[in-house]
Amino acid sequence: MNTSDDIRSVHHGLGVAFRSAYDNSSTMVVVSLLWFVASLPLITIGPATLAAYKAVLTLREEGEIDRDAVASTLSQHWHNSVLLSGVFVAFAAVTVGYATNYILTGAVQSGALAVVACYLTAHLSAVLVVAFVRLAEGNAVYDAVTSGYSWTTIHPFDTVLLGFVSIGLFVVSVVLTVTVCLAFPFLLFTFHVAVVAEREG
């Protein structure tokens, strides 16, 4: 395992994301706004995210967004994306529940369970990033999820960097306020696609 390769792949992914945003500024705004609006009902965040990943993939491969390909991917996997996002929400809810109970009661057991649940939720989020990219690439849901798990175990340092950089992008976007809706989703999904493509496995 070469840590320098991991750092280079993440650095490359960031560079790709910002270059793509610069070269496709109007597309960036459209994709970001559409994702934000489509995610508002919350239950639709999975399909919205899948559509955004597919849009970014087609932009990366063809130089423009293939709307037919996006629609086809949604038609095939919208239910899988709802299920996967629902699993993440369930894990996150359990984590928040244990953490809240620890804060209110100080129970050591709740604190320990909160830490474990937080770790599992963080790992699951990384697995799902890769899984959604694989779904957008045309993989079956089982293959996508197993690929996501394998990727995170083969590239653990990449996985950690992927999480921290994603959080960093969000924090910077929040500081710049309007970019949360206009740029953050596009930058995030483009970054994820670039890193996962760079580190196949």
Side-chain angles (χ1 to χ4, degrees), residues 1-36 39 45-46 48-67 69-70 73 77 81 84-85 88 122-139 143-173 176 179-201:
M1 186 64 60
N2 194 327
T3 300
S4 61
D5 287 343
D6 294 337
I7 294 173
R8 279 196 294 269
S9 71
V10 171
H11 184 267
H12 171 75
L14 268 178
V16 168
F18 281 104
R19 282 196 301 273
S20 184
Y22 179 79
D23 293 337
N24 305 280
S25 56
S26 59
T27 300
M28 173 187 70
V29 171
V30 170
V31 170
S32 296
L33 280 177
L34 286 177
W35 179 85
F36 182 78
S39 299
I45 194 170
T49 299
L50 177 61
Y53 276 124
K54 185 62 178 180
V56 166
L57 272 170
T58 60
L59 181 64
R60 173 188 174 93
E61 295 169 357
E62 303 172 21
E64 61 181 6
I65 293 177
D66 186 336
R67 297 180 184 178
V70 173
T73 298
H77 294 299
S81 63
L84 293 177
S85 60
F88 175 78
H123 188 197
L124 176 63
S125 67
V127 170
L128 290 181
V129 164
V130 181
F132 270 77
V133 173
R134 297 294 184 238
L135 284 178
E137 290 174 338
N139 286 252
D143 295 333
V145 174
T146 54
S147 176
Y149 179 77
S150 297
W151 195 94
T152 59
T153 56
I154 293 171
H155 308 294
F157 193 62
D158 259 341
T159 300
V160 173
L161 288 177
L162 193 75
F164 279 115
V165 173
S166 297
I167 293 171
L169 284 173
F170 176 72
V171 171
V172 171
S173 297
L176 299 176
T179 57
V180 173
C181 297
L182 300 182
F184 171 69
F186 181 88
L187 283 170
L188 182 71
F189 299 137
T190 305
F191 167 64
H192 289 169
V193 167
V195 172
V196 172
E198 177 78 7
R199 305 287 283 173
E200 293 288 351

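Sequence positions, counted from 1, serve as the residue numbers for this chain.
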Pair Leu84-Leu135, side-chain contact (heavy atoms from CB on, under 4.5 Å): steps then yes or no: CA-CA 11 Å; Leu84 293 177; Leu135 284 178; 3.9 Å; yes
List the steps, then state whether side-chain contact (heavy atoms from CB on, under 4.5 Å) holds for Val30 with Ile65. CA-CA 11 Å; Val30 170; Ile65 293 177; over 6 Å; no
Starting from the C-alpha separation in whole Å, work towards a yes-or-no answer on side-chain contact (heavy atoms from CB on, under 4.5 Å) for Asp158 and Trp151. CA-CA 9 Å; Asp158 259 341; Trp151 195 94; 3.8 Å; yes
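Across all their heavy atoms, Thr190 and Ala17 have their closest contact at CG2-CA, 3.6 Å. Contact between Thr159 and Ala126 at its shortest, heavy atoms only, is CG2-CB, 3.4 Å. Listed here is the closest heavy atom pair of Pro185 and Trp35: CG-CE3, 3.6 Å. Residues Ala136 and Leu57 share a closest heavy-atom pair of CB-CD1, 3.4 Å. Minimum heavy-atom separation, His192 to Ser166: NE2-OG, 2.9 Å. Residue Ala21 comes nearest to Met28 through the heavy atom pair CB-SD, 3.5 Å, listed as atom of the first residue, atom of the second, then distance.
Contact check for Leu14 versus Leu169: side-chain heavy atoms found under the 4.5 Å cut-off. Contact of the Asp66 side chain with the Glu61 side chain is not registered, since no non-hydrogen atoms from C-beta on lie closer than 4.5 Å. With a 4.5 Å cut-off on side-chain heavy atoms, Phe189 and Val133 do not count as touching. Between Phe191 and Leu162, the closest side-chain pair of non-hydrogen atoms falls below 4.5 Å.
Taking Ser173 as the reference, nothing meets the side chain to side chain donor-acceptor pair (under 3.5 Å) condition, with sequence neighbours excluded. Checked against ring-ring contact (aromatic ring centres under 6.0 Å, His included), Tyr149 has the following partners two or more places apart in sequence or in another chain: His123.
Atoms CG and OG1, from Leu59 and Thr27 in turn, are 6.0 Å apart once rounded to the nearest 0.5 Å.
For Ser20 (side chain) and Val16 (main-chain N/O), no donor-acceptor pair under 3.5 Å exists by modelled atom type.
When each of Leu182, Leu188, Leu187 is paired with Phe184, the side-chain contact (heavy atoms from CB on, under 4.5 Å) condition holds for Leu188 and for no other.
Judged purely by distance below 3.5 Å, without hydrogens or angles, the side chains of Ser147 and Asn139 never pair a donor atom with an acceptor atom.
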